[in-house]
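Written below as structure tokens is the structure these notes are about.
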Amino acid sequence: MSCDSIGPQSASATSLELLRTPPPRERADAARNRAVPTPAAAGLFAEHGVTAVSMDQVAAAAGVGKGTIFRRFGDKAGLAVALLDAGERELQEAILRGPPPLGPGAAPAARLTAFTSAYLDYLLEHLELVRMSETAAPGARYRVGAYRFWHRHVAILLSGSPDPEHAAHAFLAALAAEHVSAVLPELGEARLRAGLARLARSAARDAGQNGA
């Protein structure tokens, strides 16, 4: 896995592009119908918390039948994934084409530190939703396309490691929503951010990537 001094080379960037979360491919009427429950769900989740809201409440607020909600999203975790889609794609776009250090043009160590901060911004804003999407079933976190994108990006940045794929999984474990939810009350946000920034710099040094 090659990586130059400012980020992934074209082959790596292309492979990362292929992993980005695509917008749903649906007929216009189906897309409109799918979009109806999401603002209602977002409002209920913001007001009451994700775990306290039932699919019946989402259906009632959206003015549709409960069966319609289940057909469109499968379960509440599927609804959570739909609500997270826009934020994931925005972060992916910034990684692929945004300004450095999050986007191309900075050294791998600086990019990894910037990714850690940007991902934590996204995660803390949507912590309950991400936690639900990642823990809906055993191994759910690792099967979604967004995780594969984050993993590939980090593996590229840690390409100097003996095993970049393992190093990327190990690094991303510290950003799992279940883990962050458990330690955040004890550590607080400032300590969490500082610790993860140190972890990013350490991982980059271990991979022989300097310049943070």
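When side chains are defined from C-beta on, L96 counts as touching F149, because their heavy atoms get closer than 4.5 Å. By the 4.5 Å heavy-atom criterion applied to side chains, Y122 and E90 are not counted as neighbours. Looking only at side-chain heavy atoms (C-beta outward), L158 and V154 come within less than 4.5 Å of each other. Using a 4.5 Å heavy-atom cutoff, the side chains of L199 and T116 are not in contact.
Annotation for A167 and S161: closest pair CB-OG, 3.9 Å, computed over non-hydrogen atoms. Listed here is the closest heavy atom pair of P101 and A110: CB-O, 3.9 Å. Contact between E178 and T135 at its shortest, heavy atoms only, is OE1-CG2, 3.9 Å. What you find for A203 and F171 is that their closest heavy atoms are CB-CD1, 4.2 Å. Nearest approach of A140 to S133, heavy atoms of both residues: CB-O, 3.7 Å.
No option in R141, R152, E134 other than R141 meets the side-chain contact (heavy atoms from CB on, under 4.5 Å) test with Y147.
Remark: the backbone N or O of A177 is paired with a side-chain donor or acceptor of S181 at under 3.5 angstrom. With hydrogens and angles ignored, the 3.5 Å screen pairs a side-chain donor or acceptor of H151 with a backbone N or O of E165. Side-chain atoms of T113 come within 3.5 Å of backbone N or O of A109 as a donor-acceptor pair. No donor-acceptor pair closer than 3.5 Å links the side chain of S117 to the backbone N or O of A114. With R111 contributing its side chain and G103 its backbone, the two residues share a donor-acceptor pair below 3.5 Å.
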* **Worked verdict on L129 versus L79 for side-chain contact (heavy atoms from CB on, under 4.5 Å)** => CA-CA 9 Å; L129 284 173; L79 181 55; over 6 Å; no
* Asked: How far apart are the C-alpha atoms of L175 and L172, what are their side-chain angles, what is the distance that settles it, and do they pass the side-chain contact (heavy atoms from CB on, under 4.5 Å) test?
  -> CA-CA 5 Å; L175 289 168; L172 289 170; 4.2 Å; yes
* Begin from the C-alpha positions of L102 and L91 and carry the test side-chain contact (heavy atoms from CB on, under 4.5 Å) through to its verdict. => CA-CA 9 Å; L102 181 58; L91 180 51; 4.0 Å; yes
* L124/R193 under side-chain contact (heavy atoms from CB on, under 4.5 Å): CA gap, chis, key distance, verdict -> CA-CA 11 Å; L124 293 178; R193 286 184 178 277; 3.9 Å; yes
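Expressed to the nearest 0.5 Å, how far CD1 of I69 lies from CG of D56 amounts to 10.0 Å. From M132, atom CE reaches atom OG1 of T51 across 7.0 Å, with rounding to the nearest 0.5 Å. Rounding to the nearest 0.5 Å gives a distance of 9.5 Å between CG of L83 and NE2 of H126.
One finds no salt bridge joining R89 and E93 here, because no Lys/Arg side-chain nitrogen approaches an Asp/Glu carboxylate oxygen to under 4.0 Å. Using a 4.0 Å cut-off between charged nitrogen and carboxylate oxygen, D206 and R201 do not count as a salt-bridge pair.
Ring pair F115/W150 is tilted by interplanar angle, where 30° to 60° counts as tilted.
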